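In what follows, every chain begins at residue 1, and chains take the letters A, B, ... in the order their sequences are listed. The figures that follow rest on heavy atoms only: side chains count, while hydrogens, waters and symmetry mates do not. Remember, predicted model here, so these are calculated numbers, not experimental data.
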2 protein chains.
Amino acid sequence: MTLKELAARANVHPSTISRVANNDPGLRIATATRSRIEALLRDTGYQPNGIARGLKMRQTNVLAVVIPDVTNPFFAALFRGVEDAAAPRGFNVLLCNTDGLPERQRSHLQSLQARRVDGVIIASSFLKDPSVRELRRQKGPYVLVNRFSDEGEDPFVGSDDLLGGQLATAHLIGLGHTRIAHLAGKSTVSTGMLRRRGYLAAHSAAGLAADPDLIVEAGYTEESGASGIRRLLSLADPPTAVFAVTDMVAIGAAEVARQRGFRIPEDLALVGYNDIPLASRVNPGLTTMHVPIHEFGSVAARLLLDQIESDEPTRRRVRFTPDLIVRESTVAGATRTQRSARPSVSAE
Amino acid sequence: MTLKELAARANVHPSTISRVANNDPGLRIATATRSRIEALLRDTGYQPNGIARGLKMRQTNVLAVVIPDVTNPFFAALFRGVEDAAAPRGFNVLLCNTDGLPERQRSHLQSLQARRVDGVIIASSFLKDPSVRELRRQKGPYVLVNRFSDEGEDPFVGSDDLLGGQLATAHLIGLGHTRIAHLAGKSTVSTGMLRRRGYLAAHSAAGLAADPDLIVEAGYTEESGASGIRRLLSLADPPTAVFAVTDMVAIGAAEVARQRGFRIPEDLALVGYNDIPLASRVNPGLTTMHVPIHEFGSVAARLLLDQIESDEPTRRRVRFTPDLIVRESTVAGATRTQRSARPSVSAE
DNA sequence: TAGGCTAGCGCAATCGTTTGTTCATCGGCA
DNA sequence: TGCCGATGAACAAACGATTGCGCTAGCCTA
């Protein structure tokens, strides 16, 4: 059903229908005509063609979220945050999985540009990232989430990863551990780099020397946590504690450690990062740095939508302060503490 | 960068650029002109405006997936299946979460129709579903996944839920249980209805009477599993085994049961459905009916894409045979059996 | 040398909306 | 009666691409 067909039925010009349907302010129209058209609109259940409208208006009302893998609970929650903020404002959201492959990221972004999406939220960026450079070059609004890129000043939503790494490690040090390993993320990714630096900073602050052998660059998957911990446990002088760059990595490590007969936390204490729902459900419960994942998404979406509606780019960077949640993976019989619900946001 | 601008630069008509860019077969063009245009295309990195093209071609190359909640690992995996099949064929995928609310489903579908997506995959349908009726009425291709609607013959991909419910229950009966409860899904949803009927059928087949008090209609979330098991455990004569309609429900139930001091499987045996990744990770490992979740998505996508490309609707219904995976939640110290990898598909 | 064929492009309609502008009609007023 | 200002609605130009068809050279043939 098009405007033209409706116009034929109502014996008016298509533009008249359009104005009535859009409730054009300052529209002068005879009451009779108006009600005739409105009745027709109801009867036919007319839905304007979004494509045609998009072409004319230069706005598609579509956002895109680019992540490594929605199968990872962290990114699933992030996406929900985006959609929950976008849907009420009339936007639909495309989801693109990259599996961490730059090439897939590039091709997705290219496809998104061709589709003229109104904005892009990208949670799979690298510190040096050609795709992000491309985003900067184009005029379209975008927001980086969780990971940032250090080649420019991009709108960003994430956690204070340096502090998070520090707090997590300090917790282990506070428990008396001295040989603390780090299942690190890639140093090409901001979270990987910063959490590692936090890990090192905590050592310095405590006057402890960090053993380079205890840092293994794993990745962000469960499997990488598993293979990482294997290397650590076969060391001559294995660690008594591990700080993993994410909860998924920690969970992968815990599984292997348990298979090898290590008791957690007695033989091996374990801290993760992100506090995904799974973290409180595994056995033993995983001590981790809580970050508001859903809010990452919703705040990023708001940043994006504000840019779209105001038609001017932003440089806002929102950084949430992570919160240590102590569970049984570091302290046997830890009370399942509710975390302090302080807002703890720092925006620039 | 538009065709018109390029045309001005190359001193040709826009249509000529279009034909070169699209590699129009049967295009007769001077080699000089062609290479001039091709060079221009490379230099400018021209990307045709997908909106304009969509308007002209009446095809957007966008699919939509409608699910209750991507935070549920089952649906996340399903979505990956869809995207993995759609992306290589040049399609992007919109994700819509309904939270199981018919109203949100309706409004999402309406929005998708306005956007003229090329096809819809819906995994949140009810047995009687106005939204699905609407999908049938419209010309556009669609596929139902996991849940079907019984008011018509729709293209469908899912598992044989009746058989699955039967096998799961028969497993518990085979272990000697006689008081077997069912944490049931909504009877307004096909999976809920069918798995329940399977549960009953298994009882009949074994000559066992199913106690109506042992069936509680919970829902599909972890919380509903938790509240459901509470009711069951406070019964005068509580069950010794439970068949839960999904893994998430089973996991919610297990958590509560453990808190109340029930040992699994000694005091309470537990079977789930779907074999989500989480099922093998919880402690104790969850016995469950394995279904190929990722394939649900990819097969559904293929069904959809074939409809789109052939431009004719299909009535194919693909039903996978579920496979019992025995873990520690029913058999203490169960070997972590690899399931038989038989194809077990029945299509109509 | 005139007519026809063909290679190589340009023309213009079309997809369905939106929106600035123009046009016709009518009532009021002088 | 003649003019003017509203009022109500039509006109038409975009938006950026695709595509059937028409047009103009040049060359070959008779």
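Residue B:L27 contributes atom CG, which lies 11 Å from atom P of C:dG10 at whole-angstrom precision. In this structure, A:R115 atom CZ and D:dA17 atom C1' are separated by 15 Å, rounded to whole Å. Here the P atom of nucleotide C:dG10 and the NZ atom of B:K4 are 15 Å apart, to the nearest Å. Between the C1' atom of C:dG10 and the CD1 atom of B:I17 lies a distance of 13 Å, rounded to the nearest Å. In this structure, B:L6 places its CG atom 15 Å from C1' of D:dT18, rounding to the nearest Å. At whole-Å resolution of the value, NE2 in A:H13 and P in C:dT22 are 16 Å apart. Counting to the nearest Å, the C1' atom of C:dG16 and the CD atom of B:Q113 are 15 Å from each other. Residue A:Q59 contributes atom CD, which lies 13 Å from atom P of C:dT18 at whole-angstrom precision.
Comparing D:dA17, C:dT18, D:dA10 by their nearest atom to the side chain of B:A52 picks out D:dA17. Proximity note for A:L55 (side chain, C-beta onward) versus D:dG16, C:dT17, C:dG10: the nearest is D:dG16. Of the candidates D:dG16, C:dC9, C:dT18, the closest approach to any side-chain atom of B:K56 belongs to D:dG16. The listed nucleotides are C:dA12, D:dT18, C:dT18; the one nearest the side chain of A:S18 is C:dT18.
Using a 4.5 Å heavy-atom threshold, the side chains of A:T31 and A:R34 count as separate. For the pair A:F296 and A:V82, the minimum side-chain heavy-atom distance is 4.5 Å or more. Residues A:R115 and A:Q110 fail the side-chain proximity criterion, which asks for heavy atoms closer than 4.5 Å.
Judged by distance alone, the side chains of B:Y220 and B:T191 do bring a donor and an acceptor atom under 3.5 Å apart. In this model, a donor atom of one side chain and an acceptor atom of the other lie less than 3.5 Å apart for A:D118 and A:T60.
Projected onto DNA chain D by closest heavy-atom contact, A:N11 and B:M57 fall at different nucleotides, the more 5' of which corresponds to A:N11. Map B:R116 and B:A30 each onto its nearest nucleotide of DNA chain C; the residue landing nearer the 5' end is B:A30.
Between B:R58 and C:dG16 there is a side-chain N or O to OP1 or OP2 distance below 4.0 Å. The side chain of A:N49 places no N or O atom within less than 4.0 Å of a non-bridging phosphate oxygen (OP1 or OP2) of C:dC15. Between B:S15 and the phosphate of C:dG10, there is no side-chain N or O to OP1/OP2 separation shorter than 4.0 Å. OP1 or OP2 of C:dT17 lies within a sub-4.0 Å distance of a side-chain N or O belonging to A:Y46. In terms of phosphate contacts, B:R28 brings no side-chain nitrogen or oxygen within less than 4.0 Å of OP1 or OP2 of C:dC9. For D:dC15, neither phosphate oxygen OP1 nor OP2 lies less than 4.0 angstrom from any side-chain nitrogen or oxygen of B:T2. At the phosphate of C:dG8, neither OP1 nor OP2 sits under 4.0 Å from any side-chain N or O atom of B:R19.
A cation-pi contact, defined as under 6.0 Å to the ring centre and within 45° of the axis, is absent between B:R133 and B:Y142.
B:D24 comes within contact range of no nucleotide atom at all, as no heavy-atom separation falls under 4.0 Å. At a threshold of 4.0 angstrom between heavy atoms, the contacts of A:I29 are confined to the sugar-phosphate backbone, with no base atom among them.
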